[in-house]
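Every value quoted in this text rests on a predicted model; they were computed, and no experiment measured them.
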Amino acid sequence: MNTLHKSIVAWLVAALALLPMGHAQNAGDAPLFKKEEIEQLVAPLALYPDSLVAQILMASTYPLEVVAAARWSKANPNVKDKALEDAMQQQPWDPSVKSLTAFPQVLAMMNEKLDLTQKLGDAFLAQQKEVLDAIQRLRGKAEQAGNLKSTKEQKVSSAQEGGQTVIKIEPTNPQVVHVPTYQPAVYGPWPYPSYPPYTYYPPGYVPGAMLMSFAVGVAVGNAMWGNCNWGGGNVSINQNNYNNFNRTNVKGGGNWEHSPEHRKGAQYRDKGSQERFGGGQRQGVDSREQFRGRAEQGRQDISRGGVGDRGGVGDRGGVGDRGGVGDRGGVGDRGGAGQGNLGDRGGGGRDGGAFGGVGNGAQTRDVSNRGASSRASSAGNFGGGASSGGARGGGARGGGSRGGGGRR
């Protein structure tokens with residue numbers, strides 16, 4: 001049976017390798033998100049305070065750094081207030097990601113729901129105004145259902161912005177933020193059965209106990225510096241708080257702009273975002289090389305014992321295991337993003353992009369250890385490849401010969 005299994009897998013890998021490359025070339029031509037898809041994405045955060053919403057949206061465009069920050073936050077639960085601001089000066093992450101370390105619960109959600117984080121960031125980059133409009137629609141539904149009101153933790157108010165009435169949510173005490181937890185029923189009947197809302201419940205929360213509750217207040221200091229410009233359809237920055245938290249002296253316009261260098265090789269979903277932020281990266285070529293790298297590693301795995309054995313999906317090298325995303329050699333661990341290696345000798349943490357393919361962490365490590373596939377194969381296996389990660393981050397020194405998938 002083992003020989004038969006190997007033969008079947010070998011046939012599948014060979015067949016996939018011969019598929020036309022048109023599908024890969026169209027990977028960057030993803031359609032825009034539908035209205036109901038966006039509401040599905042923003043449901044878990046639409047009732048957060050405006051400033052926190054803005055900073056989550058910014059940070060979601062840097063998924064690799066979110067993973068690194070979540071791991072750092074989990075490892076340093078007692079670092080708070082000024083000590084937290086001091087610690088953040090040593091990290092290479094985008095300021096929006098750094099600011100969320102004041103909210104470990106939020107970072108945990110974004111880390112655990114990486115699919116949500118990635119899609120949210122993709123939607124926000126491509127359809128910023130539509131994302132903000134969706135949040136306003138959900139707030140309106142919650143208010144109409146009688147479930148969005150001012151409390152001792154939050155102040156809910158209406159204002160005119162850009163010729164429309166918008167609902168604003170602010171902390172009752174500007175220096176103390178209570179992150180709400182709520183069930184989708186808070187919005188009333190959900191109108192899109194095919195797109196059920198994403199949910200997140202923190203540890204200890206019992207669904208069904210109440211529609212909405214609040215976590216213990218967090219003294220945020222200068223960590224809250226984002227703001228939603230509901231009428232303008234974008235997010236902005238409170239420069240005083242931003243400069244105080246990040247110890248900078250930024251001047252000029254207060255509108256947020258995406259920083260592609262903090263993507264660390266994570267691919268852009270749609271052609272428009274790729275052209276705006278991808279620096280001319282050739283999506284079709286990169287996707288093709290990425291696929292070829294995985295196919296070659298699949299062949300190496302077969303010769304060593306088949307899929308599921310030291311580098312197969314779900315085994316030592318699968319997602320969440322030794323060499324997979326989030327563990328030894330994964331994003332944010334032992335050579336990954338969490339050690340401050342983002343963009344340094346390994347691009348996005350030495351296993352490359354977090355969304356570059358199941359099992360590629362350990363597979364790349366095995367290929368490196370055995371001297372097979374060398375640098376070109378490893379670079380092709382990562383989410384950003386050589387074009388996105390750069391010569392020192394995407395492949396040459398981050399994969400293949402010097403540390404693909406993280407070192408044991």
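Of all non-hydrogen atoms in S73 and T101, the two that sit nearest each other are OG-O, 4.3 Å. Counting all heavy atoms, side chain and backbone alike, N243 lies closest to N249 at OD1-N, 3.6 Å. Taking all atoms of both residues into account, the shortest heavy-atom contact from Q128 to G233 is CG-O, 3.8 Å. Of all the heavy atoms in V216 and H178, the pair that sits closest is C-ND1, 3.9 Å. When all heavy atoms of I237 and Y242 are compared, the closest pair comes out as CG2-CB, 3.6 Å. Closest heavy-atom contact between R263 and L64: O-CD1, 3.5 Å.
Checked by atom type and distance alone, the side chain of Q175 never pairs as donor or acceptor with a backbone atom of A219 at under 3.5 Å. At least one donor-acceptor pair closer than 3.5 Å links the side chain of T151 to the backbone N or O of E153. The backbone N or O of L107 sits nowhere less than 3.5 Å from a side-chain atom of N111 that would complete a donor-acceptor pair. No side-chain donor-acceptor contact under 3.5 Å links N227 to the backbone of S236.
More than 12 heavy atoms of other residues, nucleotides or ligands sit less than 6.0 Å from atom CD of Q89.
For the atom pair CZ of R276 and NE2 of H258, the computed distance is 9.0 Å after rounding to the nearest 0.5 Å. Atom CZ of R269 is separated from atom CD of Q274 by 13.0 Å, given to the nearest 0.5 angstrom. Here T117 contributes atom OG1 and Y62 contributes atom OH; the two are 14.5 Å apart, rounded to the nearest 0.5 Å.
Side chains of Q105 and M109 form no contact here, defined as non-hydrogen atoms less than 4.5 Å apart. Two residues are said to be in side-chain contact when any heavy atoms from C-beta on lie closer than 4.5 Å; L100 and W93 fail this criterion. In this structure, the side chains of K141 and N147 stay at 4.5 Å or more apart for every pair of heavy atoms. At a threshold of 4.5 Å between non-hydrogen side-chain atoms, the residues E85 and M88 do not count as touching.
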Given Y192 and E39, is the side chain to side chain donor-acceptor pair (under 3.5 Å) satisfied, shown in steps? CA-CA 9 Å; Y192 316 116; E39 289 191 23; 3.3 Å; yes

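A salt bridge links D86 to R247: at least one charged side-chain nitrogen sits closer than 4.0 Å to a carboxylate oxygen.
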Identify all side-chain donor-acceptor contacts of residues 41-55 below 3.5 Å with residues at least two apart in sequence or on another chain.
residue	atom	partner	partner atom	Å
D50	OD1	R139	NH1	2.8
D50	OD1	R139	NH2	3.0
D50	OD1	I169	N	3.0
D50	OD2	W230	NE1	3.1
S51	OG	G226	O	2.9
Q55	OE1	W225	N	2.7
Q55	OE1	G226	N	2.7
Q55	NE2	S99	OG	2.8
Q55	NE2	A223	O	3.0

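Cation-pi check for K98 over W72 is not met; the charged atom does not lie both under 6.0 angstrom from the ring centroid and within 45 degrees of its normal.
Between T172 and Q154, the side chains place no donor N or O within less than 3.5 Å of an acceptor N or O (distance only, hydrogens not considered).
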